[in-house]
Student: 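Here it is, the structure in full.
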Amino acid sequence: MTFKLTDISLNKPDESTKEAVKSAEKRKKSADESIEEAWERILAMKNSDKDTERLLEVKAAMEAGEIGREPVQEGKRQGKFSKAEALRLYKVLSDKRRDDVLRKMVEDTPDNYWLITDKAKLDEFLSILSEEEIIVFDVETTGPDIWKDYLVGHVITAVEADIHAYIPTKHNVDQPQLNHGYVIEKLRPIYENEAVKKIAHNAKYDIHILANEGIDVRGAVWDTLEAMRMLNENEPTFALKPLVSKYLRIPSLSYGDLFGKKGFHEVDLDVALAYAAKDGDVTLKLYEFQRKHLAKMPEVLRYYETVEIPLIKVIVDMERLGYDIDLEYADQYGKELKAKIDRLHAEIVEGLGDINLNSPTQLKPAIEKAIGRTIENTDAKKTLKPLAREFPIIKTLLEYREVMKLYSTYINALPELINEKTGKLHTVFNQNGAKTGRMSSGGGGVNLQNQPQEARRLFVAPPGYVILGGDWSQQEYRALTYFSQEPRLIENYEQGNDLYATVASEVFDKPIEECGDGSVYRQQAKTIMLAVAYGTGARTLAMQLGKSQEEARKFLKSFDERFPVVAKWIEQNREFVQRNGFVWMDKKQRKRRLPDARNRDSDFWYTSVYTQSTNAIIQGSSAIQTKATMVELDKLCKRKTAEGNGEWRLWCVVHDEALLLVPETITEQDIRDFEDVMLNTYKFGNIPNKCDIEIQRRWGESITVEEFLSGKPIPEL
DNA sequence: ATTGAGAGCCAC
DNA sequence: AAACGTGGCTCTCAAT
């Protein structure tokens, strides 16, 4: 097609006249445009996917007579039907549907849903509860924030009696309710009674909220959220409603669908009853469903009940304790970093131009221009590092990145996250945040598990206390050794040798003396071990070691030859997951389901599920060791506190590292007791555990036990 | 203003 | 030919 300049001359008088005529016709037409024509016109417009979806929904609802057009304002005639009106109607439609659902919920409220708003009814319910061995509990609140939101009502299910009660106390509605404190005191004996077994969905939240009311929940024996993670860690969501819809086939709309952003305290009591009591009802049904299925995996059930369940309260306590932040240190360090950032920024901008250095999209072309060649991305490790030697500006940029990350994510950010109420920094631990069973940490605030050394320095013990920390030495490789039963590795650990030196000596065929601390062989063996555990290929390993792929391949091959039993175990895992679609963690206490392993194209000789199968066993089993030990550490803390020489608390756990907050007057015996729990709570069969213990006031600024016992003072803040 | 995806990078 | 496991947060940038 040819293109003539004249084709785009816009201001030809004849054309504009035509347009004017056309639009006049259009106006005339629109006055008597039929609704069908209007829809055709609107739907032909450039609409986003979401708008199209909404428009079609409105169209269908209008055609079904569910809604009509907006009312005409007095004295005006109805204008033409516009996209804007259609989208306004969408909101009208959603609100109407929501109201319909809520009305229906109220109408259909079962007789065994009890709304308790007077003392007599509460007493009647309490007398029913006194006969119950197990109950469901759930708190309704103003929102999800355990520090800002507060309790507005209690849901309790009397299981045997089959009654689901809602006891509102703080709804902002014009309906009578029982006094908040009165209900707390009436329910306290139940909540705090160990003998009254309790079921909840996401019990950690309810326990937190009740703790805010001064109630110490005891006897929690089942959490339907954590149980579901045992049954299927791949579930897309662990929210109650979707699980109930999916597994019990009870249609359940989410809180947001029903109430939007409204807090539960704004909900009328009849609606509140229908919604809240149903939570107790379906949680109970989900519990029964889960029990039936977990019974088929007795080791998983036992692990769940003896480790995961007690762990909930251990985590609650840890989250509530929080962290003291050295603000003075943070401020001073932050200023230093900021000055450095400014200096580096100025230097880089001189070479690259005045761009946003934090924007990869702006950075990439600027770098390409500056160095005169194209780059794939601005990834520090993969792309920029190899260029740093040749181009000083890249080196400076990498330095900028590093300092910027430290400043913006950690040093400058942490003080901002301090909780106003407690004056401390709090994290949220997700008990099974990783599909392997590891915990994760964060929850909109601080992630305790990825603090770099520099940032750990901001975390300090309160006056009079010290941080007693222990980390399992080579936790995952000990697990690997146990599972594979590789004789050379077992021997290494039985004799208390240095693993990396042993591996280096074998892989590089060097005398052990040349593979000790500080040797390049030992360092490389460390990387190779990691590659084995993570399933890293030769290409990546080559990059990490700064060697050719050829050499990296040789190293991996050499490892397989020298530690053939490990290689065989990895191969077994591959076969197992291919056959079964899952792997077992230690003692069948937990599964990692990798269903993709079963329906793979046979042409693929590698898929990530195979590396995952081995890694999941190692990582997941290590997590079991950590969690089982956490439960015992909590008991140790309670025992020590009871001795009366000051309070002991579990402070933080980072995968293979456990830190306690203990009185600064601790004794050698105290430390030995701590070590004993770390070493002996959970063992991988015949492999001995090893634990390195350190004492500190500032996280990471520690002295060893030996130093401590020989009288070396713990560094002051 | 809020949200979500992608890039990038911190930890074990 | 294909190959690094598990997370979470900050920043940018585009979309709503």
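Order of the sequence lines sets the chain letters (A, B, ...), proteins ahead of strands, with each chain counted from 1.
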Student: What does A/Ala380 touch in the nucleic acid at a heavy-atom separation under 4.0 angstrom: a base, only the sugar-phosphate, or nothing?
Tutor: sugar-phosphate

Student: Can you check the A/Gln549 CD to C/dC4 P distance for me, whole Å?
Tutor: 10 Å

Student: Can you name the atoms? Protein N/O to nucleotides 6-13 of chain C N/O, anything below 3.5 Å, with the distance.
Tutor:
{"from": "C/dT6", "atom 1": "OP1", "to": "A/Gln612", "atom 2": "OE1", "distance (Å)": "3.4"}
{"from": "C/dT6", "atom 1": "O4'", "to": "A/Gln619", "atom 2": "OE1", "distance (Å)": "3.0"}
{"from": "C/dT6", "atom 1": "O4'", "to": "A/Gln619", "atom 2": "NE2", "distance (Å)": "3.2"}
{"from": "C/dT6", "atom 1": "O2", "to": "A/Arg438", "atom 2": "NH1", "distance (Å)": "3.3"}
{"from": "C/dG7", "atom 1": "OP1", "to": "A/Lys435", "atom 2": "N", "distance (Å)": "2.9"}
{"from": "C/dG8", "atom 1": "OP1", "to": "A/Ser440", "atom 2": "OG", "distance (Å)": "3.1"}
{"from": "C/dG8", "atom 1": "O4'", "to": "A/Asn447", "atom 2": "ND2", "distance (Å)": "2.9"}
{"from": "C/dC9", "atom 1": "OP1", "to": "A/Gly443", "atom 2": "N", "distance (Å)": "3.4"}
{"from": "C/dC9", "atom 1": "OP1", "to": "A/Gly444", "atom 2": "N", "distance (Å)": "3.4"}
{"from": "C/dC9", "atom 1": "OP1", "to": "A/Gly445", "atom 2": "O", "distance (Å)": "3.2"}
{"from": "C/dT12", "atom 1": "OP1", "to": "A/Asn356", "atom 2": "ND2", "distance (Å)": "2.9"}
{"from": "C/dT12", "atom 1": "O3'", "to": "A/Ser359", "atom 2": "OG", "distance (Å)": "3.1"}
{"from": "C/dC13", "atom 1": "OP1", "to": "A/Ser359", "atom 2": "OG", "distance (Å)": "2.4"}
{"from": "C/dC13", "atom 1": "OP1", "to": "A/Thr361", "atom 2": "OG1", "distance (Å)": "3.0"}
{"from": "C/dC13", "atom 1": "OP1", "to": "A/Gln362", "atom 2": "NE2", "distance (Å)": "3.2"}

Student: Starting at atom NZ of A/Lys364, determine the distance to atom P of B/dG6, rounded to an integer number of angstrom.
Tutor: 17 Å

Student: Would you classify A/Thr378 as touching base, sugar-phosphate or nothing, given that sugar-phosphate means primed atoms plus P, OP1 and OP2, and contacts are heavy atoms under 4.0 Å?
Tutor: sugar-phosphate

Student: Please report the distance, rounded to the nearest Å, between CE in A/Met439 and P in C/dG5.
Tutor: 22 Å

Student: Would you call A/Asp257-A/Lys241 a salt bridge at under 4.0 Å N-O?
Tutor: no

Student: Classify the ring geometry of A/Trp569 against A/Phe483: parallel below 30°, tilted from 30° to 60°, perpendicular beyond 60°.
Tutor: parallel

Student: Just how far, in rounded Å, is C1' of B/dG8 from CD of A/Glu402?
Tutor: 14 Å

Student: Are the charged groups of A/Glu226 and A/Lys627 less than 4.0 angstrom apart, N to O?
Tutor: no

Student: Inspect the contact between A/Glu319 and A/Lys204 and indicate whether a charged nitrogen and a carboxylate oxygen are less than 4.0 angstrom apart.
Tutor: yes

Student: Roughly, in whole Å, what's the span from CG in A/Leu406 to P in B/dA11?
Tutor: 10 Å

Student: State whether A/Thr540 places a side-chain N or O below 4.0 Å from either non-bridging phosphate oxygen (OP1 or OP2) of C/dC4.
Tutor: yes

Student: Listed by chain and number, what are the ring-ring contact (aromatic ring centres under 6.0 Å, His included) partners of A/Phe391, not counting sequence neighbours?
Tutor: none

Student: Tell me whether A/Lys690 forms a cation-pi arrangement with A/Trp472, defined as NZ or CZ under 6.0 Å from the six-membered ring centre and within 45 degrees of its axis.
Tutor: no

Student: Rounded off to whole Å, could you give me the CG-to-C1' distance for the A/Leu87 and C/dT16 pair?
Tutor: 12 Å

Student: Establish whether the base of B/dC10 is bridged to the side chain of A/Gln451 by a donor-acceptor pair shorter than 3.5 Å.
Tutor: no

Student: Under 4.0 Å between a side-chain N or O of A/Arg401 and OP1 or OP2 of B/dC9?
Tutor: yes

Student: Send over the distance from A/Glu476 CD to B/dA11 P, rounded to a whole Å.
Tutor: 16 Å

Student: Using a cut-off of 4.0 Å on non-hydrogen atoms, how would the nucleic acid contact of A/Arg456 be classed: base, sugar-phosphate, or nothing?
Tutor: sugar-phosphate

Student: Applying ring-ring contact (aromatic ring centres under 6.0 Å, His included), name anything that partners A/Tyr682, two or more places apart in sequence or on another chain.
Tutor: A/Phe684

Student: Say you pick atom C1' in C/dC4 and the same atom in B/dC9; how far apart are they, in whole Å?
Tutor: 15 Å

Student: Just the rounded figure in Å: distance from C1' of B/dC12 to CD of A/Gln453.
Tutor: 12 Å

